[in-house]
Amino acid sequence: DLHKEYRRQRQMCIRDRPHALPDDDPYRVTLRKLWKKMVEKDWRTTTKALYLLHALSRSTPTKNARALSRTLKSMVGDADPKSGKKYFSRRELVALREADDADGRAALVDAYAGFVLRRALLFAGRFEDVSPPSKKKTAAAPEACDADGDAATLKRAQNALLVADHALQFVAVALDDGDPRRAHLVVVSCLELVVADLVEAWGAAGASLGPL
């Protein structure tokens with residue numbers, strides 16, 4: 001059950017991430033387990049593992065989600081000692097699906113992996129990082145142009161739009177199937193989260209760009 005597994009993985013991530021990254025670091029352990037499932041041959045197992053990473057990135061408290069994102073960034077590019085494949089490589093997942101795509105789900109897995117990995121690397125939680133800074137009232141304080149702050153805000157907004165674009169790509173692939181019998185429950189669950197993220201990413205980007 002996806003929701004039970006998500007709750008179990010979330011409990012592993014709930015404590016603060018230590019400064020060092022030992023082998024028993026809860027975030028690294030969780031990500032290794034998810035990657036192990038992602039590279040299995042069954043597209044459903046791969047998609048479920050991506051879903052769990054998506055749910056953790058989206059619904060874990062922001063502080064813990066940021067720690068999960070930092071750990072993910074530190075693992076990208078490193079090779080899994082058991083399989084020799086690079087951790088969280090979209091290319092590896094696509095190659096695996098194309099080699100054995102009897103169910104015709106390679107494009108779906110590719111699009112979802114592109115979205116989930118991009119989202120998890122760029123944002124934590126529900127796009128709090130892209131929200132505009134709160135306005136502080138100061139007595140007769142002259143307005144100053146914060147070029148660095150504006151540039152950072154613009155970059156975050158661009159990242160949010162990039163994530164939204166990946167979300168749209170997945171939605172297009174997931175809905176591009178005229179046979180309703182192929183509407184697998186796993187795909188429906190993924191669509192539910194992706195659409196929610198699409199709405200929030202678009203809104204966050206707009207809220208951030210408004211003051212600029």
Side-chain angles (χ1 to χ4, degrees), residues 1-97 105-106 108-130 159-160 162-163 166-167 170 186-187 189-190 192-194 196-197 200-201:
D1 183 87
L2 284 176
H3 298 291
K4 288 183 179 179
E5 179 64 16
Y6 161 65
R7 288 194 295 269
R8 190 179 71 81
Q9 296 289 354
R10 181 177 176 179
Q11 287 301 318
M12 294 182 64
C13 292
I14 205 65
R15 61 192 174 109
D16 291 346
R17 177 176 179 263
H19 295 294
L21 287 175
D23 289 339
D24 62 349
D25 173 77
Y27 299 93
R28 186 176 290 273
V29 170
T30 297
L31 290 172
R32 281 176 175 170
K33 288 183 177 180
L34 291 177
W35 174 247
K36 183 179 179 180
K37 293 297 181 183
M38 286 180 197
V39 295
E40 290 193 9
K41 292 184 177 181
D42 191 326
W43 73 270
R44 289 164 296 189
T45 304
T46 300
T47 307
K48 287 178 182 178
L50 287 166
Y51 175 92
L52 290 173
L53 177 57
H54 185 186
L56 286 171
S57 299
R58 173 180 168 77
S59 301
T60 303
T62 302
K63 181 178 180 180
N64 304 101
R66 285 173 178 163
L68 183 71
S69 180
R70 288 195 300 269
T71 306
L72 178 64
K73 290 177 183 178
S74 73
M75 294 177 68
V76 170
D78 292 343
D80 178 1
K82 292 185 178 180
S83 66
K85 301 180 185 297
K86 290 186 177 180
Y87 283 118
F88 303 101
S89 167
R90 183 180 177 186
R91 182 179 300 176
E92 296 281 6
L93 293 178
V94 173
L96 178 65
R97 295 277 74 79
R105 301 286 187 171
L108 180 82
V109 173
D110 180 27
Y112 192 45
F115 167 77
V116 172
L117 294 175
R118 181 71 63 181
R119 187 215 193 284
L121 289 169
L122 291 178
F123 292 104
R126 297 190 176 183
F127 299 95
E128 290 90 345
D129 292 338
V130 81
N159 287 341
L162 179 61
V163 170
H166 277 276
F170 171 73
V186 172
V187 179
S189 298
C190 296
E192 183 180 15
L193 288 189
V194 171
D197 268 346
E200 290 173 9

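In this text the structure is predicted, and so the values were computed from the model without any measurement.
Considering only heavy atoms from C-beta on, Lys48 comes within 4.5 Å of Val186 through its side chain. Under the 4.5 Å side-chain criterion, counting only non-hydrogen atoms from C-beta, Tyr27 is in contact with Asn64.
When all heavy atoms of Ala65 and Leu56 are compared, the closest pair comes out as CB-O, 4.5 Å. What you find for Phe170 and Ala111 is that their closest heavy atoms are CA-CB, 3.8 Å. The two residues Leu93 and Ala113 make their nearest non-hydrogen contact at CD1-CB, 4.0 Å.
When atom types are taken as modelled, the side chain of Thr47 and the backbone of Val109 share no donor-acceptor pair closer than 3.5 angstrom. Judged purely by atom type and a 3.5 angstrom limit, Thr30 uses its side chain to pair as donor or acceptor with the backbone of Pro26. Between the side chain of Ser74 and the backbone N or O of Thr71, at least one donor-acceptor pair lies under 3.5 Å. Under a 3.5 Å cut-off, the side chain of Lys85 and the backbone N or O of Asp80 do not form any donor-acceptor pair.
The side-chain hydrogen bond (donor to acceptor under 3.5 Å, both in side chains) check on Ser57 picks up nothing, with sequence neighbours excluded. In this view, Arg44 and Asp42 satisfy the salt bridge (Lys or Arg N to Asp or Glu O under 4.0 Å) rule, not counting sequence neighbours. In this structure, the salt bridge (Lys or Arg N to Asp or Glu O under 4.0 Å) partners of Asp110, at least two apart in sequence or on a different chain, are Arg90.
Between Asp197 and the choices Arg118, Arg119, Arg126, the salt bridge (Lys or Arg N to Asp or Glu O under 4.0 Å) rule is met once, by Arg119.
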### Task
Check the pair Phe115, Val163 against side chain to side chain contact (heavy atoms under 4.5 Å, CB included), reporting the backbone distance first and the verdict last.
CA-CA 7 Å; Phe115 167 77; Val163 170; 3.6 Å; yes
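Note: Phe88 and Trp35 have tilted aromatic rings, judged against thresholds of 30 and 60 degrees for the angle between ring planes.
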